[in-house]
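Each ligand, and each atom within it, is numbered from 1 in the order the structure gives. Position 1 is the first residue of the sequence; numbering continues from there. Note: hydrogens, waters and symmetry copies are ignored here, and every other heavy atom, side chains too, is used.
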Amino acid sequence: MKIPVIFAGGVWDRSDIDHYMGLGCSGVQMATRFIGTQECDAPDDFKDRFLKATEDDIHLTTSPVGLPGRAIDNKFTETITNGVAAYKAQEAPKTPIIPIAKCLNCLQHKLCDRKTIPYCISEALLNSVEHNTDMGLIFSGTNGYRINEITTVKAIFDEIAV
Ligand SMILES: Cc1cc2nc3c(=O)[nH]c(=O)nc-3n(C[C@H](O)[C@H](O)[C@H](O)COP(=O)(O)O)c2cc1C
């Protein structure tokens, strides 16, 4: 049985695509590069964080359910980083690092236990696209700093198409 493998993570240009296809992948997934397009429906202040980011501004951060996620540094990531040791030292029910205004039930309670999460990921993601980019979780791939202009999906496809 042939199982197609789609590579994801850090794919930016034609040479990246050729590299992973050459290794035998059936395709690639690209996310971050398309944030720098007019078609991306995130607001300008969200895209602006990418335009201003340098390579040193992108780090792994902890999601509420313990999985790593890469994000652009801001007041939100600083708050989480500074608060995580004290947060972990508490016994359940823990006081979150950032108080949770309202649970939106985005995850099953067995996956996201309200008594043991340091912050609400829905709230953090919504902040990032509702003009509170300081306190928003701005997910970014490793190449987020390479967004230096807002272009179009067509221009990117024209560049990467064979
Ligand atoms: C802004 C943003 C939001 C994302 N949200 C999700 C998500 O909700 N679930 C998920 O599985 N992956 C998510 N990803 C990861 C992408 O689906 C993708 O696997 C990864 O970003 C690919 O690497 P690249 O961004 O370097 O192209 C997100 C990525 C970005 C940049």
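Not less than 6.0 angstrom separates the ring centroid of Phe50 from the ring centroid of Tyr145.
Regarding atom 4 (C) of ligand 1, its nearest protein heavy-atom neighbour is Phe139 CD1, 4.2 Å. Taking atom 29 (C) of ligand 1 as the reference point, the nearest protein heavy-atom neighbour is Ala31 CB, 4.3 Å. Here the heavy atom of the protein found nearest to atom 23 (O) of ligand 1 is Gly9 CA, 3.3 Å.
Side-chain contact check for Ser15 and Asp13: at least one donor-acceptor pair (N or O, by modelled atom type) lies under 3.5 Å. In summary, the side chains of His109 and Arg114 do present a donor paired with an acceptor at a separation below 3.5 Å, with no hydrogens or angles considered. Side-chain contact, Thr133 with Arg49: a donor N or O sits under 3.5 Å from an acceptor N or O. Side chains of Asn127 and His131: no donor on one and acceptor on the other come within 3.5 Å.
Under the 4.0 angstrom criterion, atom 6 (C) of ligand 1 counts as lacking any protein heavy-atom contact. Within 4.0 Å of atom 27 (O) of ligand 1, at least one protein heavy atom is present. Using a 4.0 Å threshold on non-hydrogen atoms, atom 21 (O) of ligand 1 counts as touching the protein. In this structure, atom 11 (O) of ligand 1 has its sub-4.0 angstrom surroundings free of protein heavy atoms. In this structure, atom 16 (C) of ligand 1 has a protein heavy-atom contact shorter than 4.0 Å.
Checking side-chain atoms of Glu123 against main-chain N and O of Ala101 turns up a donor-acceptor pair under 3.5 Å. Not one N or O on the side chain of Ser26 forms a donor-acceptor pair closer than 3.5 Å with the backbone of Pro4. Although no hydrogens or angles enter the test, the distance criterion places no donor-acceptor pair under 3.5 Å between the side chain of Glu78 and the main chain of Asp73.
Each of the following atoms of ligand 1 lies closer than 4.0 Å to a heavy atom of Gly10: 23 (O), 24 (P), 26 (O). Below 4.0 Å from some heavy atom of Met30 lie the following atoms of ligand 1, by number and element: 27 (O). Each of the following atoms of ligand 1 lies closer than 4.0 Å to a heavy atom of Gln29: 16 (C), 17 (O), 18 (C), 19 (O).
The closest heavy-atom contact to atom 31 (C) of ligand 1, among the options Ile72, Leu67, Val28, Thr32, comes from Thr32.
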